[in-house]
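One structure is given below, encoded as structure tokens.
Bear in mind that the values here come from a model prediction, so they are computed numbers and not experimental data. The chain is numbered in sequence order, starting from 1.
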Amino acid sequence: MSEQMKTAGEPLGQDIVSEAAESAVGEAAANQGVAAAGNAEVAAAGVDEAPEGEAADEPTEEELAAARELAENNALADVFDDVRKQSADSHLVTPERWPEIGLVPEHMTAEDFEMFVYEWLEDYQAEHKDEIEAERAAERAKADAVRSATRAVGVPPKIPNRRLAQIEADNEAKAAEAADKAPEAVEDSAEAESAAGVDASAQVDNAAKAAESAAVATPTASEPAPASPDDASEGDQPAEDDRSPFAGLRIPEGYRLEQIEGEWVLVEDENAAPVRKEIKCNRIKVLMGMHSYYLYDETLMTASYARWAFLAAEDNPVVTFVECVREDSRVYPRPYAAECLKNPPFRMTDEQIEETWRTVRDSGNYPDIERTEASNGDVYYYSTQYLESGYAASLAEYDAVERPADV
């Protein structure tokens, strides 16, 4: 027998057999363990096999979508409410504020919510354009109705008061009529006094008897009124009627009454369903900046002030300076006092004002902007498009020197 055949016919080594056996045993044990674990899970669940795709108490897609829509609606309502509050305090609102005060819904990022608010407001105001314009027109008409001044403020001319003359004539006629009826009034008064004297004692006796009867029939304020049988049959809980302090009280949704330290107060109801808030944004306006946008309520902040605040926030002092000077020269007309740039929303220093003026002058882009100075040293700026130099200088002198002296 050849050596090769002999080698092939020899039994396998002991190490190889042992490794194969251990591998087979381990695999069988693993399979049994998996099967046992699976059987245990099924037994614990009480079913033969867990339904695929189902989870206990998990919301459906429709419920998730409704919850997201409600969160977005309430976030919009809160955003516009905050805009109104900030406008009342003379502040514009930028989207960077919303994550800081917790207005971004949990399922949205700050950037997504920023674009969501802008697009939603743009679509809403486009759809309700006629309604918003009608509201503005009604406010303008109301303002015109209460505006009485038709000329510059000052002493009005003397107007003949015909109504006063008519009132004096009526009073004289009434006085004459009263004088004619005076004797009859005296006689009637004497007869009334005589009759009163005869019946006075009887009236006093009757009043005393009525008071005693009322005191017996009516319980005093310190004693509770006896409960009726119907009230007693209802138990210790008193029926809520018109005498109850809470009769007719309408508790807002999402709140409940709770007694704290002896006082009833409104507190949020943790178990109440989420309340859909009303979105009010008809008068919210948007100013688009270089890197962000700004919101304000036009009923609480004028367009001019919003524009100034916008320019100050955009940190463009040259454009701010030029627009303020031109607007005062055009609208009033008057020169613009440098002191005004120190006030909100600009808050510029004297150095910043002077530096801005030099930039405006040296740039050559604003040739109509000029500077004048009153005799007391106060600085003013004006636009030659709307004011002549001599007139601007005289107005500056009046505002800085003459008007304060007349006060």
Taking [X] for its side chain and [Y] for its backbone only, find out whether a donor-acceptor pair lies under 3.5 Å.
X      : Y      : value
Glu397 : Ser375 : yes
Asn74  : Val275 : yes
Asp328 : Tyr382 : no

For [X], side chain to side chain donor-acceptor pair (under 3.5 Å) partners two or more places apart:
X      : result
Glu63  : none
Ser90  : none
Asn376 : Asp378
Asp399 : Tyr380, Arg403

Side chains of [X] and [Y]: does their closest heavy-atom pair fall under 4.5 Å?
X      : Y      : value
His107 : Glu72  : yes
Gln352 : Arg347 : no
Arg371 : Val379 : yes
Leu92  : Leu295 : no

Notebook entry, point to check: Tell me, which pairs form a ring pair (Phe, Tyr, Trp, His ring centres under 6.0 Å) where one or both residues lie in residues 62-104, sequence neighbours left out?
Noted result: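 Those involving residues 62-104 are Trp98-Phe113.
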
For [X], does the [atom1] atom sit with more than 12 other heavy atoms under 6.0 Å from it, leaving out its own atoms?
X      : atom1 : value
Met290 : CE    : no
Glu106 : CD    : no
Glu388 : CD    : no
Glu61  : CD    : no

From [X] [atom1] over to [Y] [atom2], what is the distance, rounded to the nearest 0.5 angstrom?
X      : Y      : atom1 : atom2 : result
Thr94  : Leu287 : OG1   : CG    : 12.0 Å
Tyr336 : Glu327 : OH    : CD    : 9.0 Å
Leu76  : Cys281 : CG    : SG    : 8.0 Å

Notebook entry, point to check: With under 30° as parallel and over 60° as perpendicular, where do the rings of Phe321 and Trp357 fit, or are they tilted in between?
Noted result: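 Phe321 and Trp357: tilted rings.
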
Next item on the list: Measure the acute angle between the ring planes of Tyr293 and Tyr118, then classify it against the limits of 30° and 60° as parallel, tilted or perpendicular.
Entry: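 Tyr293 vs Tyr118 ring planes: tilted.
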
Counterpart residues, salt bridge (charged side-chain N to carboxylate O under 4.0 Å, His left out), relative to [X] (two or more places apart):
X      : value
Glu323 : Arg307
Arg361 : none
Glu261 : none
Arg330 : none

Next item on the list: Using the test side chain to side chain contact (heavy atoms under 4.5 Å, CB included), find all partners of Asp82 that sit at least two apart in sequence or belong to another chain.
Entry: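 Asp82 satisfies side chain to side chain contact (heavy atoms under 4.5 Å, CB included) with Gln86, Val93, Arg97, Ile101 once adjacent residues are dropped.
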
Margin query: Going by side chain to side chain contact (heavy atoms under 4.5 Å, CB included), name the residues that satisfy it together with Ser383, two or more places apart in sequence or in a different chain.
Written below: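 For Ser383 the side chain to side chain contact (heavy atoms under 4.5 Å, CB included) partners, ignoring immediate neighbours, are Arg326, Ser329, Asp368, Ile369, Gln385, Tyr386.
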
Note to self: Does anything in residues 120-129 form a side-chain hydrogen bond (donor to acceptor under 3.5 Å, both in side chains)? List the pairs, not counting sequence neighbours.
What the structure shows: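 Listed by first then second residue: Tyr124-Asn282.
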
